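Down below is the structure, laid out as structure tokens.
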Amino acid sequence: MSESGGVVLVTLPDREDAEELAEQLLEQGYEPCRVHRDMLAGEDDAEDVDWVIEVGTGPHGGPAVFDEPHLAALAEDYGGFAAAG
């Protein structure tokens, strides 16, 4: 397994929602929950940029990918999605 193995990328359209969800995930025991912009190649409109929460470890201490269904459900509540990175 590579160093990035097990990471889940939670992608949301709104920065405030991404920061709010990242805070919730930290409280639930997920870490790290880094929020950053995901500008697609060739995309020049900064307003259309998605926000990504990078989640590495679940509250159980294992890779966050084991919790992908839970993270995906949370992302859907905010109009986003989650995928293993």
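What you see is a predicted model; the values in this text were computed from it and never measured. Keep in mind that the numbers below use all heavy atoms, side chains included, and drop hydrogens, waters and symmetry copies.
- Residues forming a salt bridge (charged side-chain N to carboxylate O under 4.0 Å, His left out) with E54 (at least two apart in sequence, or on another chain): R34.
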Show me, pair by pair, the donor-acceptor contacts under 3.5 angstrom made by side chains of residues 74-85, not counting sequence neighbours?
unit_1: Y78; atom_1: OH; unit_2: E20; atom_2: OE2; d: 2.9
unit_1: Y78; atom_1: OH; unit_2: Q24; atom_2: NE2; d: 2.8

Intermediate values then yes/no, side-chain contact (heavy atoms from CB on, under 4.5 Å), H36 and W51: CA-CA 6 Å; H36 57 85; W51 294 88; 5.9 Å; no

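- Judged as a salt bridge (charged side-chain N to carboxylate O under 4.0 Å, His left out), and not counting sequence neighbours, the contacts of E19 are R15.
- To the nearest 0.5 Å, atoms CG (L21) and CD1 (I53) are separated by 4.0 Å.
- Both V35 and V55 are members of a single hydrophobic cluster when ILVMFWY side chains are connected at heavy-atom separations under 4.5 Å.
- Taking CG of L9 as the start and CG of L71 as the end, the distance is 10.5 Å to the nearest 0.5 Å.
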Could you go through residues 62-70 and list every donor-acceptor pair under 3.5 Å that involves a side-chain atom there, pairing it with any protein atom two or more places apart or in another chain?
unit_1: D67; atom_1: OD1; unit_2: H60; atom_2: NE2; d: 3.4
unit_1: D67; atom_1: OD2; unit_2: Y30; atom_2: OH; d: 3.0
unit_1: D67; atom_1: OD2; unit_2: H60; atom_2: NE2; d: 3.1
unit_1: H70; atom_1: NE2; unit_2: Q28; atom_2: OE1; d: 3.2

